[in-house]
Amino acid sequence: MSKKPAAIRGTNDFIAEDAARFDQVVETFRRVARLYNFNSVHVPVFEHTGVFARSLGETTDVVAKEMYTFEDRSGDSVTLRPEFTAGIARAYISNGWQQHGQMKLAAWGPCFRYERPQKGRFRQFHQLDAEMLAAPDPMADVEILAFGQQLLEELGIAKSVTLRLNTLGDPESREAWQTALLSHFRAHEPELSADSRDRLARNPLRILDSKDAADRAIVADAPVIDDYLSSEAGAWFAAVQEGLSAAGIAFERDARLVRGLDYYRHTAFEFVTDALGAQGTVLGGGRYDGLIEAMGGPPTPAIGWAAGIERLALLLPGAAGGKVDVAFIPMDREAELVGVRLLGALRSGGGISAETFARGNMKKRMQRADASGARLALILGEDERARRRVQVKDLAAGDQTALAYGDIGFIGGYMAELRLREMEGEGAEMPPFSAWLPATMLTTR
RNA sequence: GCGACUGUAGCUCAGCUGGUUAGAGCGCUGGUUUGUGGUACCAGAGGUCGCGGGUUCGAACCCCGUCAGUCGCCCCA
């Protein structure tokens with residue numbers, strides 16, 4: 001045990017169902033992204049440390065204690081990305097992407113944060129990310145939220161997730177609100193929890209979502225952003241809500257919702273669930289109009305969100321593992337060689353997935369073929385070779401028929417029809433292979 | 001960074017108040033009349049009981065430390 005190499009804390013190795021769930025999340029994301037015309041962007045996994053330190057806010061926990069930062073061989077300080085947005089903003093500036101006008105970008109991959117692992121939280125985790133750059137219209141907020149909503153729907157988890165929405169206003173509104181909040185909390189400072197007294201100095205907004213009971217009482221009658229919104233900021237928020245209603249997207253106004261990272265303005269949102277314990281946020285984001293300019297680029301209004309792939313995968317009802325269409329069972333070495341050619345034809349010519357089961361006795365081979373989920377088993381021995389045929393056994397129906405080498409293409413046809421029926425939910429009505437095969441093809445053993 | 005709980009075969013776990021060769025199920029390997037599964041049976045391989053130290057005549061069971069996992073705080077996807 002002690003001699004086994006250990007994975008780094010907070011990293012995961014996973015296969016089979018877990019991997020299938022992960023893949024399903026990513027594949028669904030990519031498919032839905034296409035529907036909304038979000039195109040792929042690929043950015044580095046690491047950046048100069050300043051890219052994250054400046055954009056996220058020096059006092060945020062992510063920057064203060066959670067970054068994977070190290071010196072490379074030249075002595076430069078580099079950091080593994082804790083999120084996507086800063087790197088994409090940097091790429092936008094570095095490459096002059098303002099030439100493209102509005103951009104809708106989608107990315108996914110690993111991110112890194114040095115934290116204590118917990119349910120749905122890891123040191124290497126994976127995010128889906130969507131960004132709309134140079135998008136100065138409340139309808140962009142609506143569109144990117146619709147993307148997120150549809151993603152959750154197509155993953156089949158929309159029922160267990162609710163959208164919470166708030167606005168942080170424009171810089172003037174936010175500033176005025178924050179000042180009011182600060183004086184409110186200062187007035188109650190002795191009653192605040194130790195954590196919140198600490199937050200008072202670092203990030204007073206965070207007191208709003210404290211879990212401490214005493215804090216919540218003080219938060220209950222804290223100033224609300226609505227009273228400090230400029231007319232422009234109020235109009236923006238109204239437009240977003242109107243658009244969401246038109247799109248049929250349900251949301252809850254949460255006046256205490258704030259975002260951890262400094263760059264957020266206007267719309268802020270989270271899709272939350274209570275099925276994941278303390279890590280309820282499954283997809284979150286908001287508008288960050290000032291970020292790109294603050295990083296040295298042109299003024300660029302933008303909005304984006306990120307979703308935790310592991311968290312989404314945990315909510316997935318279930319995922320089909322790696323099934324194979326056809327199992328090939330050779331009786332001897334010679335049959336294996338013939339099989340290489342037959343399976344090659346099925347795979348490249350017919351798009352059929354196939355696996356060979358050549359170990360153990362016949363019983364074991366059949367057991368494994370069955371466990372593989374294959375619908376058909378192809379059995380090839382000396383007798384069959386002499387007549388240039390294979391035995392085709394329908395593993396669901398249990399019956400078996402012989403098929404000439406030259407007619408092997410029918411297997412592709414059968415599997416194609418089976419797949420079609422399964423897609424339409426009537427896979428059970430698929431006749432056995434022997435009944436499906438035209439009568440003239442039926443061969444006696 | 002703080003707290004609680006847990007750590008026995010590949011996996012899920014038993015192991016009574018510390019006492020001779022540490023068990024089960026699943027999985028894996030082989031077999032049960034020559035080439036047939038999903039529903040049988042037999043056999044086998046596999047564990048320095050996370051690691052280190054201590055208490056004891058004796059520890060998987062008690063104590064300390066350490067590492068890891070889980071959950072919570074913090075923070076966030």
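We name chains A, B, ... by the order of the sequence lines, and we start the count at 1 in each one.
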Span that lies between the P atom of B/U12 and that of B/U17, in whole angstrom: 25 Å
Any A/R365 side-chain N or O less than 4.0 Å from OP1/OP2 of B/G35: no
Atom C1', compared across B/A9 and B/A60: separation rounded to whole Å: 14 Å
Sugar-phosphate only, base, or nothing, as touched by A/L395 at under 4.0 Å among non-hydrogen atoms: base
Gap between atoms CG and P, on A/L378 and B/U36 respectively (whole Å): 17 Å
C1' atoms of B/G1 and B/A14, separation to the nearest Å: 38 Å
Neighbour count above 12 (heavy atom, 6.0 Å) for A/F251 CZ: yes
Nearest-Å distance for atom pair CZ/P, residues A/F357 and B/G38: 15 Å
Candidate nucleotides B/G37, B/C71, B/A68, ranked by approach to the side chain of A/Q367 - the nearest: B/G37
C1' gap between B/A4 and B/A43, integer Å: 46 Å
A/M362 side-chain proximity, nearest of B/G35, B/G69, B/A77: B/G35
d(CD1, A/I8; P, B/C67) in whole Å: 16 Å
Nucleotide paired to B/A45 in any strand shown, Watson-Crick or G-U, under 3.5 Å: none
Touch class at under 4.0 angstrom, heavy-atom based, for A/G304 against every strand present: nothing
Earlier contact from the 5' end, RNA chain B, for A/A397 and A/E270: A/A397
Sugar-phosphate only, base, or nothing, as touched by A/K363 at under 4.0 Å among non-hydrogen atoms: base
Atom pair distance, as rounded to whole Å: CZ in A/R116 and P in B/C73: 13 Å
Base of B/U36 paired with side chain of A/K393 (donor-acceptor, under 3.5 Å): yes
Sugar-phosphate, base or nothing in reach of A/G398, heavy atoms under 4.0 Å: base
Residue A/K364, side-chain atoms from C-beta onward, closest of B/C74, B/A40, B/G31: B/G31
Cationic tip of A/R81 above A/F84 ring, under 6.0 Å, 45° of axis: yes
Watson-Crick or G-U wobble mate for B/U6, both contacts under 3.5 Å: B/A68
Strand partner of B/G25, provided both Watson-Crick or wobble distances fall under 3.5 Å: B/C11
Atom CD of A/E336: over 12 foreign heavy atoms under 6.0 Å: yes
Parallel, tilted or perpendicular: rings of A/Y92 and A/W97 (30°, 60°): perpendicular
Neighbour count above 12 (heavy atom, 6.0 Å) for A/R30 CZ: no
Distance in angstrom units between A/E382 CD and B/U34 P, rounded: 16 Å
Complement of B/G1, any strand, by Watson-Crick or G-U distances under 3.5 angstrom: B/C73
Sugar-phosphate, base or nothing in reach of A/D383, heavy atoms under 4.0 Å: base
Sugar-phosphate, base or nothing in reach of A/E115, heavy atoms under 4.0 Å: base
Paired nucleotide for B/U39 [Watson-Crick or G-U wobble; both distances under 3.5 Å]: none
Short side-chain N/O contact to B/U29 OP1/OP2 from A/R368, under 4.0 Å: yes
Minimum-distance nucleotide to A/T281 side chain [options: B/A77, B/A68, B/C75]: B/A77
Proximity to the side chain of A/D370 - top-ranked nucleotide from B/C75, B/G35, B/G37: B/G37
Donor-acceptor pair (no angle test) under 3.5 Å: A/Q118 side chain, B/G69 base: no
Span that lies between the P atom of B/G31 and that of B/G18, in whole angstrom: 47 Å
5′-ward residue of the pair A/L283/A/M366 relative to RNA chain B: A/M366
B/G23 to B/C16 separation - C1' atoms, rounded to the nearest Å: 14 Å
Sugar-phosphate only, base, or nothing, as touched by A/I329 at under 4.0 Å among non-hydrogen atoms: nothing
Span that lies between the P atom of B/G10 and that of B/U6, in whole angstrom: 23 Å
Under 3.5 Å on both distances, the Watson-Crick or G-U partner of B/C62: B/G54
A/E175 CD: over 12 foreign heavy atoms closer than 6.0 Å: no
Interatomic distance at C1', B/G50 relative to B/U70, whole Å: 15 Å
Protein-nucleotide distance (A/E355, atom CD; B/G37, atom C1'), rounded to Å: 16 Å
Plane angle bin for A/H188 and A/H184 - parallel if under 30°, tilted between 30 and 60°, otherwise perpendicular: tilted
Sugar-phosphate, base or nothing in reach of A/A377, heavy atoms under 4.0 Å: nothing
NZ/NE/NH1/NH2 to OD/OE distance under 4.0 Å, A/R265 and A/D170: no
Geometric class of the A/F147/A/F38 ring pair [parallel <30°, tilted 30-60°, perpendicular >60°]: tilted
Side-chain donor/acceptor of A/R121 to base of B/C75, under 3.5 Å: yes
Nucleotide B/C74, atom C1' - distance to CG of A/L208 in whole Å: 16 Å
Nearest-Å distance for atom pair CG/C1', residues A/D274 and B/G72: 16 Å
Sugar-phosphate, base or nothing in reach of A/A369, heavy atoms under 4.0 Å: nothing
